[in-house]
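Each remark here refers to the structure printed beneath this line.
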Amino acid sequence: MHPLRREVPRQPADWFGFYRFASTPNDRWRCCRVIDISPLGAGLELLDVKENEEISGLISVSLELRGETRSLVMGEDG
């Protein structure tokens, strides 16, 4: 068996966020965990999935990333 090879390697992450499917835009946002990420995709752990629920199609994921400012550089536009 060959190991899974990706065009662009994913980087490990451990971020919590929220998701919902495009097919149910009026549903509430549910919790998820971003396991890894690359410019071409992400590995997600979807929490609060109901048994027999259709989990395919477009998905929206919302993250809030926080950090401490370490270095600032003024851009050309100020």
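Positions are given from 1 along the sequence.
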Where do [X] and [Y] come nearest, in terms of heavy atoms and distance?
X: A22; Y: P25; value: O-CD, 3.2 Å
X: C32; Y: V61; value: SG-CG1, 4.2 Å
X: P9; Y: S38; value: O-CB, 3.7 Å

Between [atom1] on residue [X] and [atom2] on residue [Y], distance to nearest 0.5 Å:
X: F16; Y: L47; atom1: CZ; atom2: CG; result: 7.0 Å
X: C31; Y: L46; atom1: SG; atom2: CG; result: 11.0 Å
X: D48; Y: R28; atom1: CG; atom2: CZ; result: 4.5 Å

Any heavy-atom pair between the side chains of F21 and L58 that's under 4.5 Å?
no
Answer yes or no: is there a side-chain heavy-atom contact under 4.5 Å between L63 and V34?
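A side-chain contact under 4.5 Å exists here.
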Residues R30 and E45 bridged, charged N to O under 4.0 Å
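Not counted as a salt bridge, because no side-chain N and carboxylate O are separated by less than 4.0 Å.
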Answer yes or no: is there a donor N or O on one side and an acceptor on the other, between the side chain of Y19 and the main chain of R33, under 3.5 Å?
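No: the side chain of Y19 does not pair with the backbone of R33.
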Please output the side-chain donor-acceptor pairs of residues 66-78 that fall under 3.5 Å, not counting sequence neighbours, one pair per line with the distance.
unit_1 : atom_1 : unit_2 : atom_2 : d
R66    : NE     : E64    : OE2    : 2.6
R66    : NH2    : E64    : OE2    : 2.7

Can you list the steps and then say if L44 with I35 is a side-chain contact (heavy atoms from CB on, under 4.5 Å)?
CA-CA 6 Å; L44 302 175; I35 298 169; over 6 Å; no
Does atom CZ of F18 have more than 12 heavy-atom neighbours, drawn from other residues, nucleotides or ligands, at distances under 6.0 Å?
no
Could you check whether atom CD1 of I55 has more than 12 heavy atoms from other residues, nucleotides or ligands sitting under 6.0 Å from it?
no
